[in-house]
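Input: a single structure, listed below in structure tokens.
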Amino acid sequence: MTEKIYTDKKLGMPVLLLNIVALIGGVFLIVLGGMKIDQYRPMIGVPMLVLGILIDALGWIPLCGLKVIKPQEALVLTLFGNYKGTLREPGFYFVNPFCSAVNPAANTKLAQSGETGETKLSGLQLNLGGASKTGAEAVSKKISLKAMTLNNGRQKINDCLGNPVEIGIAVIWRVTDTAKAVFNVDNYKEYLSLQCDSALRNIVRIYPYDVAQGVDTTGDGNADEGSLRGSAEVVATRIKDEIQSKVMDAGIEVMEARITYLAYAPEIASVMLQRQQASAIIDARKMIVDGAVGMVEMALERLSEKELVQLDEERKAAMVSNLLVVLCGNHDAQPVVNSGSLY
């Protein structure tokens, strides 16, 4: 199905004015016909009365063909089941009154900006998050062409190492082909939401949460350092491409995808935190030891250059041991002053 732009001229205002004039003329004919009948002129009064009644009784039909299109809106029109075209340009249109607007996703409200929460309209409370509404039906058949943000709920997915993680994404999308969106899928909003969940699961299962040894995330057969935490931009791009490949037939363009939430699942979060803390402590210890060894080496060299004191190998070993204990300890050193001889 290919989109066709409805090419009729924007005759909404002239038709509206003519319709108002016709309705007023119908009322005038009814009144004038009644007066002629009262004057015993039924041959003139009855046709005028009938004509006026017909005009006023059928005058509402042209009003059904008046359509107002705002910027970044579209209206898909069908006539007796046949696709006639789409109104995309803003303006006041007059179309065939028997044309009907089609939007199977009109009642679907996604978790996105402008479509969640509760709204009070003319004394009627509409629960936009559910399917039921109180009061009159207030659903527009127009299709928004604006860029919208879909924010599905957080999902619990196992990464490539089997660790459960919770992740959420925000997808910026818009409708580019209204005919495909309406006729190629049953409900393009639900279709997009399901494809986002599916693509998120497919991509997350390729990556570990943190950098792991021997993991290939690119599919080239070589281990790399890709991870959900460290390669967020790459992961988001792959998710966007995955979603776009699935929703192209629905006339939807995915403009951007971003990871909005990423964390270990609660059942393993505390264990993983301890693992990260242990890794951080080991790295810190390595840095402290490297620095301490450098400082001891520098101290021995300086003492040897200045010839302040002559130390044999045993005294050097004792000095090295004492300095390493002081520099690598967790607490401040408490020196012991020896007032006697070293020997």
Side-chain angles (χ1 to χ4, degrees), residues 1 3-109 119-128 131-145 178-179 181-183 186-187:
M1 181 66 68
E3 184 181 65
K4 297 185 296 184
I5 305 300
Y6 205 88
T7 56
D8 283 6
K9 296 181 179 180
K10 302 175 185 179
L11 301 176
M13 187 57 68
V15 172
L16 176 62
L17 295 177
L18 289 176
N19 194 75
I20 294 175
V21 172
L23 292 175
I24 295 175
V27 174
F28 177 75
L29 288 176
I30 292 173
V31 174
L32 187 60
M35 293 175 60
K36 293 297 182 181
I37 293 175
D38 289 341
Q39 295 174 2
Y40 303 100
R41 298 169 123 183
M43 298 298 294
I44 299 176
V46 171
M48 296 176 63
L49 182 63
V50 172
L51 181 60
I53 292 175
L54 288 175
I55 291 175
D56 286 346
L58 302 178
W60 59 272
I61 295 179
L63 297 178
C64 297
L66 298 176
K67 309 292 182 183
V68 178
I69 304 298
K70 299 177 183 177
Q72 295 298 318
E73 283 185 348
L75 194 64
V76 178
L77 300 176
T78 60
L79 180 62
F80 304 122
N82 295 321
Y83 175 53
K84 300 300 293 182
T86 301
L87 299 177
R88 293 185 67 109
E89 296 295 328
F92 191 17
Y93 292 85
F94 175 74
V95 300
N96 191 323
F98 297 100
C99 283
S100 58
V102 180
N103 184 5
N107 292 320
T108 303
K109 305 301 179 183
T119 303
K120 293 184 178 179
L121 179 61
S122 301
L124 303 177
Q125 186 171 351
L126 305 180
N127 185 5
L128 301 184
S132 62
K133 296 180 178 64
T134 58
E137 185 71 24
V139 178
S140 173
K141 295 294 184 179
K142 296 176 182 177
I143 298 176
S144 176
L145 303 179
T178 57
V182 171
F183 299 114
D186 182 63
N187 187 318

Validation row: Phe92, Leu16 side chains within 4.5 angstrom (heavy atoms):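 The answer is yes; the side chains approach within 4.5 Å.
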To the nearest 0.5 Å, what is the distance between [atom1] ([X]) and [atom2] ([Y])?
| X | Y | atom1 | atom2 | answer |
| --- | --- | --- | --- | --- |
| Ser140 | Leu75 | OG | CG | 7.5 Å |
| Arg88 | Ile143 | CZ | CD1 | 9.5 Å |
| Leu77 | Asn82 | CG | CG | 12.5 Å |
| Tyr93 | Cys99 | OH | SG | 14.0 Å |

For residues 49-73, which side-chain donor-acceptor pairs fall under 3.5 Å, sequence neighbours excluded?
| from | atom 1 | to | atom 2 | distance (Å) |
| --- | --- | --- | --- | --- |
| Asp56 | OD2 | Val27 | N | 3.3 |
| Trp60 | NE1 | Ala57 | O | 2.8 |
| Glu73 | OE1 | Lys70 | N | 3.3 |

Non-hydrogen atoms of Lys84 and Leu79 that approach each other most closely: CG-CB, 3.5 Å
Least distance between heavy atoms, Pro14 atom then Leu11 atom: CD-O, 3.4 Å
Residues Glu89, Lys10: salt bridge by 4.0 Å N-O rule: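 Between Lys10 and Glu89 there is no salt bridge, as every charged N stays at least 4.0 Å from the carboxylate O atoms.
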Residues, nucleotides or ligands: over 12 heavy atoms within 6.0 Å of Asn96 CG: yes
Residues forming a ring-ring contact (aromatic ring centres under 6.0 Å, His included) with Phe183, sequence neighbours excluded: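 Phe183: ring-ring contact (aromatic ring centres under 6.0 Å, His included) contacts with Tyr83.
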